[in-house]
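I have placed the structure first, in the form of structure tokens, so that the comments after it can refer back to it.
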Amino acid sequence: MYAVVDCNNFFVSCERVFRPELRNKPVIVLSNNDGCIISRSTEAKALGIKMGVPYFEVREQCKQNDIHVFSSNYILYGDFSGRVMNALSEFVDREDDLEVYSIDEAFLDLETYRDPENYCRTMRAKTEQWTGIPVSIGIAPTKTLSKIANDVAKKYKGYQGVFFMDTKERTDKVLASTPVKDVWGIGYRLSSKLTEYGIGTALQLRDADEGWIRKKFGVTVLRTIHELRGIPCFFDGAVPSVRKHIASTRSFGRNVTSMEDLREAIATYVSWAATKLRKQKSAAGGLYIFIRTSKDHTRLHQHEGVFRELPVATDSTPELIHHATEMLQELFHEGSIYKKAGVMFSHIVPRGSVQLNVFDKTDRTKFSKLMHVMDGVNLRDGQGMLKFAAMGTTQNWMMRSGMRSPQYTTKWNDLLVLG
DNA sequence: TCTGGGGTCCTAGGACCC
DNA sequence: TCTGGGGTCCTAGGACCC
């Protein structure tokens, strides 16, 4: 048996922990740059606020209905995510039985526990008590089924946050009322295609012909079908701790036209991404950067990005900034209005196994000591405490986030004061 | 005009997830 | 005026090899 634990309206719930007066009130959280809506309280959903819509489209509605709006505060959410996962880890015997799947979701392997339902009810109550974050739990023989069970736990209050999809009758009934688009792994494209062939529910997908599915839809959908039949196929769904690509991209808070601003932004993104790179003890062998003027020019835009294979895989911020700055020269056009930029590292290898280059003259030990010290200080005193001059000081291109809550749990000056 | 068989590796693009 | 960001896997096709 698997259980999937999913935090309810996670970002909104994090905001409410330190603002208890917002319980039972409509609350939403916006994406970076205050662009779209990415988390909604139950009350906000009831008012018809849709997931993913641009904020400016509903700003008036938010005002009229007294909806509380937050910019996103990923440092806070990341910290709460860690707390929730810690709480859950108290409920497994072996570390491997808890698989952190995303910032607000985890799978538990329940094979060794009798009475999983009651076990999960206790876990749910304790997690909320310890962290302040309410969760829902779905239990079933496979991960795909447990995700569907989780939806039931969320949707029907009567189950009080935990739904155990154990019997065949129960499972068939739930699958028959689950649209195929709500099955884990079936997105917009596949569900429209499946529906064309008359497969509109999870039950119909489960009972579809294997050979036909394999031919028409490939092995991924076939595995999903096995999962729906109760045969586990997705074992290691955990986010791999060592990533193959590392990116940092942001929309600007305002239009950017100058080379100086772009250089600052690119240097800043390189620095963020390089911190992630060093955290997983990797080095990057390839660097891609792009600058983008605005959306949906699909054709005129062939040259928005450029890739460079690095002579030696590296994790050194100044070295990466150096390359990125050179590459930026190739992309920049005087007179263009830029909205967004980003960097991506690829060809990632373990730091210890970097292939040296005979012609390489860089003193790598010196840089590596410097990076080590910077990472240490920034970890202790907050990101950005020590940074490179190339990142700039004004950073007036930085994304908007005017409605961001304090970093209650990670910054001394933001500690909540009582009395 | 004729024209085998079996592989590997890499990349771009499509699909998905949260 | 204003529409996020960061990942994964699979597949098809091209280049190349013997």
Side-chain angles (χ1 to χ4, degrees), chain A residues 4-11 28-39 50-60 62 69-74 77-78 81 99-107 143-144 147 150 180-194 214-224 233-255 269 272-273 276-277 280 285-286 288 290 292 294-296 298 302 305 307 309 337 339-348 398-404:
Chain A
V4 62
V5 182
D6 196 305
C7 300
N8 300 348
N9 319 326
F10 181 54
F11 297 168
I28 60 172
V29 175
L30 306 179
S31 66
N32 273 330
N33 215 22
D34 294 343
C36 309
I37 289 152
I38 54 170
S39 183
K50 295 270 182 287
M51 187 70 173
V53 301
Y55 174 51
F56 73 86
E57 283 179 11
V58 292
R59 183 179 286 151
E60 272 314 303
C62 289
V69 183
F70 288 96
S71 304
S72 44
N73 185 346
Y74 283 102
Y77 311 149
S81 176
E99 191 183 275
V100 176
Y101 177 68
S102 76
I103 194 165
D104 73 336
E105 238 180 290
F107 289 104
K143 289 180 179 175
T144 303
K147 294 277 276 184
N150 195 289
V180 74
K181 72 167 173 27
D182 292 346
V183 175
W184 193 38
I186 307 296
Y188 174 75
R189 303 280 169 149
L190 285 172
S191 64
S192 357
K193 203 169 150 195
L194 284 164
R214 172 70 186 85
K215 213 165 55 192
K216 282 269 183 211
F217 295 91
V219 57
T220 322
V221 177
L222 187 61
R223 283 205 277 259
T224 296
C233 296
F234 302 144
F235 297 102
D236 190 9
V239 180
S241 53
V242 175
R243 305 198 132 83
K244 297 172 178 171
H245 299 99
I246 288 176
S248 184
T249 71
R250 288 288 182 284
S251 302
F252 299 132
R254 59 168 179 78
N255 289 338
Y269 303 161
W272 289 343
K276 296 188 216 170
L277 190 66
Q280 66 168 40
Y288 174 83
F290 71 85
R292 188 167 298 168
S294 73
K295 268 198 157 181
D296 59 3
T298 36
Q302 301 300 332
F307 173 80
E309 192 179 339
I337 297 169
K339 305 268 189 196
K340 182 176 180 173
V343 313
M344 255 172 260
F345 299 152
S346 59
H347 301 83
I348 286 175
M398 189 63 86
M399 64 185 177
R400 285 183 292 264
S401 60
M403 298 165 283
R404 176 140 71 207

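Naming convention: chains lettered A, B, ... in sequence-line order (proteins, then strands); numbering from 1 in each chain. In this text the structure is predicted, and so the values were computed from the model without any measurement.
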**Report entry** Partner set under ring pair (Phe, Tyr, Trp, His ring centres under 6.0 Å) for A/Phe11, not counting sequence neighbours
**Finding:** A/Tyr74, A/Tyr77

Query raised in the report: Any sub-3.5 Å donor-acceptor pair from A/Lys147's side-chain atoms to A/Asp182's backbone N or O?
Result: no

Query raised in the report: What nucleic acid atoms does A/Asp104 come within less than 4.0 Å of, heavy atoms only: base, sugar-phosphate, or nothing?
Result: sugar-phosphate

Report task. Mind checking A/Val58 for me? I need base, sugar-phosphate or nothing, with any heavy atom below 4.0 Å counting as a touch. Result -> nothing

**Report entry** Residues which pass salt bridge (charged side-chain N to carboxylate O under 4.0 Å, His left out) with A/Glu309, listed by chain and number, not counting sequence neighbours
**Finding:** none

Report task. First locate atom OG of A/Ser251, then atom CE of A/Met398, and finally report the distance between them rounded to the nearest 0.5 Å. Result -> 12.5 Å

Query raised in the report: Within the structure shown, what part of the strands sits under 4.0 Å from A/Val219 by heavy-atom distance: base, sugar-phosphate, or nothing?
Result: sugar-phosphate

Query raised in the report: Hey, does the side chain of A/Ser31 reach the backbone of A/Cys36 with a donor-acceptor pair shorter than 3.5 angstrom?
Result: yes

Requested in this report: Give one of base, sugar-phosphate or nothing for A/Lys193, where a contact means two heavy atoms less than 4.0 Å apart.
Outcome: nothing

Requested in this report: Would you indicate what A/Lys147 reaches in the nucleic acid, counting non-hydrogen atoms under 4.0 angstrom: base, sugar-phosphate, or nothing?
Outcome: sugar-phosphate

Requested in this report: Enumerate, in order of first residue number, the stems that involve DNA chain B, defined as 3 or more consecutive Watson-Crick or G-U wobble pairs with both distances under 3.5 Å.
Outcome: B:5-18 with C:5-18

Report task. On DNA chain C, check which nucleotide each of A/Arg214 and A/Phe252 is closest to and give me the residue with the more 5' one. Result -> A/Phe252

Query - Outermost nucleotides of DNA chain B that come under 4.0 Å of a non-hydrogen atom of chain A - result: B/dA15 to B/dC18

Query raised in the report: Within 45 degrees of the axis of the six-membered ring of A/Phe234 and under 6.0 Å from its centre: does A/Lys143 put its NZ or CZ there?
Result: no

Query - 5' precedence on DNA chain C between A/Glu57 and A/Ser248 (nearest-nucleotide basis) - result: A/Glu57

Query raised in the report: Is A/Ser72 touching bases, backbone alone, or none of the nucleic acid, heavy atoms closer than 4.0 Å?
Result: nothing

Report task. For A/Ser71, enumerate each residue passing the side-chain hydrogen bond (donor to acceptor under 3.5 Å, both in side chains) test, keeping only those at least two apart in sequence or located in another chain. Result -> A/Asp34

**Report entry** Partner set under side-chain hydrogen bond (donor to acceptor under 3.5 Å, both in side chains) for A/Asn73, not counting sequence neighbours
**Finding:** A/Ser405

Report task. Check every strand shown and say whether A/Ile246 touches a base, only sugar-phosphate, or nothing at a heavy-atom separation below 4.0 Å. Result -> sugar-phosphate

Query raised in the report: For A/Tyr188, which contact category applies under a 4.0 Å heavy-atom criterion: base, sugar-phosphate, or nothing?
Result: sugar-phosphate

Query raised in the report: In terms of side-chain geometry, is the basic nitrogen of A/Lys50 or A/Glu57 positioned less than 4.0 Å from the acidic oxygen of its partner?
Result: no

Query - Sugar-phosphate only, base, or nothing, as touched by A/Arg223 at under 4.0 Å among non-hydrogen atoms - result: sugar-phosphate

Report task. Could you tell me whether A/Asn32 contacts a base, only the sugar-phosphate backbone, or nothing, with contacts defined as non-hydrogen atoms closer than 4.0 Å? Result -> sugar-phosphate

**Report entry** Sugar-phosphate, base or nothing in reach of A/Ile186, heavy atoms under 4.0 Å
**Finding:** sugar-phosphate

